[in-house]
Amino acid sequence: MHKADVIIVGSGLAALMVAYHLCEHKNVIVFTKSNKEVSNSWLAQGGVAAAIHPADHWLSHYEDTITTGCEHNDDEAVRILVQEGREAIEQFMHLGFSFDVDERGELLFGREGAHRMRRILHAGGDATGKKMVEFLFPESVMVGNQL
């Protein structure tokens with residue numbers, strides 16, 4: 001029987017990020033519905049919004065998010081999201097994750113929804129969620145119902 005220091009229920013991106021950071025120091029077991037393909041994160045086709053372009057700023061991302069939420073948003077939660085979101089995406093890329101790039105190798109920024117700036121990053125076109133899950137939960141990870 002495997003001994004777990006940490007048990008995570010769910011295999012979406014949030015759970016996998018926690019597992020990724022804990023697994024260097026802890027024995028982590030992730031429980032999922034049936035397999036990694038059965039999650040909203042895997043099916044997510046949209047990109048990731050982050051103010052990482054040199055011409056963009058977290059405050060502009062904040063304003064767009066507040067406006068889109070018809071000002072019903074939690075101001076502090078939005079501020080944390082847009083400030084720390086940039087750091088999270090940059091860290092993800094530092095770990096080796098690749099977002100879509102142009103022929104010069106520059107990040108492709110899309111403009112979607114109510115964003116006034118081009119700040120949407122995609123991976124594999126419309127397979128961003130799938131690519132991110134595959135990156136955090138590669139085929140080499142032990143899978144099964146072994147205990």
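Transitive grouping of hydrophobic side chains (ILVMFWY, heavy atoms separated by less than 4.5 Å) keeps L81 and F92 in distinct clusters. I89 and M117 are members of different hydrophobic clusters when ILVMFWY side chains are connected at heavy-atom separations under 4.5 Å. The hydrophobic cluster containing V48 does not contain I80, counting ILVMFWY residues as joined when their side-chain heavy atoms lie under 4.5 angstrom apart, directly or transitively.
Under a 4.0 Å N-O distance rule, the pair R119/D64 qualifies as a salt bridge.
The line from CZ of F31 to CD1 of I8 is 11.0 Å long, rounded to the nearest 0.5 Å. Between atom CD1 of residue I52 and atom CD of residue E87 there is a gap of 12.0 Å, rounded to the nearest 0.5 Å. Atom NZ of residue K131 and atom CG of residue D100 lie 9.0 Å apart, to the nearest 0.5 angstrom. Distance check, rounded to the nearest 0.5 Å: NE2 of H53 to CG of L107 gives 9.0 Å.
In this structure, the side chain of N27 does not engage the main chain of D5 through any donor-acceptor pair within 3.5 Å. With hydrogens and angles ignored, the 3.5 Å screen pairs a side-chain donor or acceptor of H57 with a backbone N or O of L59. In this structure, R79 contributes its side chain and Q83 its backbone to no donor-acceptor pair below 3.5 Å. Between the side chain of N73 and the backbone N or O of T65 there is at least one donor-acceptor pair closer than 3.5 Å. For the pair T128 (side chain) and A123 (backbone), a donor-acceptor distance under 3.5 Å is present.
For the pair V6 and I29, the minimum side-chain heavy-atom distance is 4.5 Å or more. A 4.5 Å side-chain heavy-atom check between D75 and Y62 finds at least one atom pair inside the cut-off. Using a 4.5 Å cut-off on side-chain heavy atoms (C-beta onward), E90 and R86 make contact. Side-chain atoms of F99 and L108, non-hydrogen and from C-beta on, never get closer than 4.5 Å to each other. I120 is not listed as a side-chain neighbour of F109, based on a closest heavy-atom distance of 4.5 Å or more. For the pair Q91 and E84, the minimum side-chain heavy-atom distance is 4.5 Å or more.
Listed here is the closest heavy atom pair of Q45 and H122: O-CD2, 4.1 Å. Residue S41 comes nearest to V133 through the heavy atom pair CB-CG2, 3.8 Å, listed as atom of the first residue, atom of the second, then distance.
For D102, the side chain to side chain donor-acceptor pair (under 3.5 Å) criterion is met by R104, not counting sequence neighbours. Legend: residues meeting salt bridge (charged side-chain N to carboxylate O under 4.0 Å, His left out) with E63, ordered by chain and number and at least two apart, are R116.
A perpendicular orientation is assigned to the rings of F135 and F97, their planes being inclined by more than 60° (bins at 30° and 60°).
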Please list, one pair per line, the donor and acceptor atoms closer than 3.5 Å that link side chains of residues 9-22 to other protein atoms, with sequence neighbours excluded.
| from | atom 1 | to | atom 2 | distance (Å) |
| --- | --- | --- | --- | --- |
| S11 | OG | T32 | OG1 | 2.5 |

